[in-house]
Amino acid sequence: MKNHDLHITNSLTRKKEVFQPIKPPFVGLYVCGPTVYGDAHLGHARPAVTFDLVFRYLKHLGYKVRYVRNITDVGHLENDADDGEDKVAKKARLEQLEPMEVVQYYTDRYHHDMEKLNILKPSIEPRASGHIIEQIEMARAILKAGYAYEVNGSVYFDVARYNMDYKYGKLSGRVVEEMVAGNRDLEGQDEKRHPADFALWKKASPTHIMRWPSPWGEGFPGWHLECSAMGAKYLGTTFDIHGGGMDLLFPHHECEIAQSNAANGKDAVRYWMHNNMITINGQKMGKSLGNFITLREFFEGSHKSLHQAYDPMTIRFFILQAHYRSTLDFSNEALQAAEKGLQRLLQAMETLERIKASKTSSVDVSLLEKKCYEALNDDFNAPVAIAHLFDSVRTINSVKDKKESLSSDHLESLRNTFKTFVTDIFGLSGEISKQGEESGQIISGLMDLLLELRQEARKQKDWSTSDKIRDALNGLNINVKDGAEGSSWSISGKN
RNA sequence: GGUCUCGUGGCCGAGUGGCUAGGCGGAGGUCUGCAAAACCUUUUACAGCGGUUCGAAUCCGCUCGAGACCUCCA
């Protein structure tokens, strides 16, 4: 285990707290995954990248992390009214598919997008529909404890009753008494005793497709219950970190807290982490607003708002350049800036492999590693760590230009630090390495040959031949750069 | 209406009492057969008003503006 002084902003206290796992070296991390009834959009990439960073960094520090990210495939209703339709079931009805076909289709596509973004797979990826029994058991426990009631085959959480023994609303700062007045009128809430009550189990109407037997008749679980049930099953009744988007803070996470306390008599989560939203024209990118752009559309450039296609790594870097608790505003300009910046960073890493050590160093690079750790220990401040790395990029390029020098110790230290942070922790990788060992080797071999031929032409001042090679490669999005030490090349972004 | 967050230079974004983050863009220069890249210099900041302080972008108050949640949303 590395020595560290990791601080995490806990949404529950709204303060930065020292991170102390319950049972080191183990860490339990639960993150709310997607409801699989549509393609993932840019907004979905935010928690994925954020908690991928958390996962990677905790592992890097030496923790044994069990990372659970669920797939919601049942119980997520269009709205809170009794006639609210299940999101998955609705999609299935519209497309005339079996609900599980919808689930499988979008789960596969989600995985594909996540892989492109170089998101590590979670340790466990449980589905809500695979844990009906656990959810029924939890609902029973809550009923038995007296914090829920049954009406017509549905089970509702009794918020008012719960609030007498615990404090409902401590995460979102809501007060139960005040929630009645502010609540909008929703039809079909007759069964609930209090507007703030929420379903643990819903009776299935005769036409409802997704249904399971339960002590209360055929039905399906409420949305909030799955996370509580699956978190407890795989991470224990108390675990370290629970993450998700800020928009889930209320009611979803508030309900989770209540369910866990009601069922187990204690809080399930030590540290609540919430990533902020991605905005577009200053407004939240979201499904209901219809202003979202899917990740596939970004990768292909196939959305009318996009001026070009964006590499998944550009998206990843774009997200890492902002702190996870800040909103991040999308625009083509901002993404293009991220694309250029990432190229500069990755190019410097390649340069780092090529430059040769001197006897002495003219610059001090020993502090870089320390500064990067300090940044990440401060609530995973990736943008600050990246800024430090960019400072070293300038140094690296100056060494390449023979304006500065590095000793072999310093050079080695820089290489290690860049690999650790850029590759391992930030999960950023260049195009070439992703193409597989074999084809990558072939390409670099071919490029060496081409550049050698071009160099010979240049020696003989045969500019037409040398420019022809360069222009043709340019046409393939390969940039040729002539330096003092010969020429180098890189693959540029797609246009 | 309630709860909360935010307003930083052309753009994206760190910072949260004194030491002008960083990236992208613009301008000038060095290098180069040309180009690209790189390097150097440079440009425009902390919404407004008041207060606390030796000192505020940073703390407090007010005003204006934007957003999130209160229904599903990452």
Side-chain angles (χ1 to χ4, degrees), chain A residues 14 31-35 38 40-48 50-51 76-81 84-85 87 169 172-175 178-179 181-186 195-196 223 243-252 254 274-279 282-289 292 317-318 321-323 325-345 347-348 351 375 381-391 393-394 396-398 400-404 458 461-463 466-467 470-471 474 479-484 487-490 492:
Chain A
R14 286 161 211 204
V31 175
C32 291
T35 302
H41 59 74
L42 183 59
H44 292 99
R46 189 98 194 253
T50 296
F51 293 105
H76 204 160
L77 304 184
E78 287 282 303
N79 58 57
D80 207 25
E85 194 169 5
K87 283 172 182 291
S172 59
R174 252 154 261 258
V175 183
E178 290 172 1
M179 287 179 65
N183 235 292
R184 299 176 206 181
D185 286 334
L186 288 173
W223 173 38
M246 270 187 189
D247 50 352
L248 297 178
L249 208 131
F250 188 90
H252 188 53
E254 198 70 76
H274 289 94
N275 63 275
N276 215 318
M277 302 293 104
I278 287 181
T279 56
Q283 211 177 26
K284 175 186 170 183
M285 183 180 281
K287 236 164 182 148
S288 49
L289 287 164
F292 62 91
F317 186 67
F318 175 65
Q321 265 195 309
H323 189 260
R325 289 186 69 86
S326 302
T327 54
L328 172 58
D329 199 50
F330 153 80
S331 68
N332 281 280
E333 255 186 315
L335 272 183
Q336 282 159 7
E339 180 178 286
K340 289 265 181 76
L342 177 61
Q343 264 175 31
R344 184 173 152 83
L345 187 65
Q347 190 60 52
T351 304
N381 201 329
V384 166
I386 289 171
H388 293 317
L389 290 169
F390 270 116
D391 286 337
V393 166
R394 182 163 295 117
I396 291 165
N397 286 327
S398 292
K400 182 190 74 178
D401 286 359
K402 311 276 183 205
K403 287 170 184 154
E404 304 282 359
R458 291 181 71 210
K461 297 194 192 293
D462 179 3
W463 309 127
S466 74
D467 287 354
R470 184 174 67 197
D471 294 345
N474 254 328
N479 281 332
V480 176
K481 287 164 282 194
D482 299 333
S487 304
S488 64
W489 61 280
S490 65
S492 68

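Just the heavy atoms: all of them, side chains too, but no hydrogens, waters or symmetry mates, feed the values below. Per chain, numbering begins at 1; letters A, B, ... match sequence-line order.
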All salt bridge (charged side-chain N to carboxylate O under 4.0 Å, His left out) counterparts of [X], not counting sequence neighbours:
X	value
A:Lys284	A:Asp247
A:Asp467	A:Arg470
A:Arg174	none

For [X], all residues meeting side chain to side chain contact (heavy atoms under 4.5 Å, CB included), sequence neighbours excluded:
X	answer
A:Asn332	A:Leu306, A:His307, A:Tyr310, A:Phe330, A:Gln336
A:Ala337	none
A:Glu333	A:Ser331
A:Val393	A:Arg344, A:Leu345, A:Ala348, A:Phe390, A:Asn397, A:Phe418

For nucleotides 41-47 of chain B, list the nitrogen or oxygen atoms of the protein found under 3.5 Å from its nitrogen or oxygen atoms, one pair per line.
none

* Describe the nucleic acid contact of A:Ser288 in one word from base, sugar-phosphate, nothing, applying a heavy-atom distance below 4.0 Å. =>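 Base contact.
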At a cut-off of 3.5 Å, list every protein nitrogen or oxygen paired with a nitrogen or oxygen from nucleotides 30-33 of chain B, distance to 0.1 Å.
unit_1, atom_1, unit_2, atom_2, d
B:rG33, O6, A:Ser466, OG, 3.4
B:rG33, N1, A:Asp467, OD1, 3.1
B:rG33, N2, A:Asp467, OD2, 2.9

* For RNA chain B, the dot-bracket pattern of Watson-Crick and G-U pairs whose distances stay under 3.5 Å, | for other-strand partners -> (((((((..(((.....[...))).(((((.......)))))....(((((..]....))))))))))))....
* To do: Could you tell me which residues satisfy side chain to side chain donor-acceptor pair (under 3.5 Å) with A:Thr327, sequence neighbours excluded, listed by chain and number?
  =>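 By the side chain to side chain donor-acceptor pair (under 3.5 Å) rule, A:Thr327 matches no residue at all.
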What's touching nucleotides 21-28 of chain B from the protein side, N or O pairs under 3.5 Å?
unit_1, atom_1, unit_2, atom_2, d
B:rG23, OP1, A:Arg394, NH2, 3.2
B:rG25, OP1, A:Lys340, NZ, 2.8

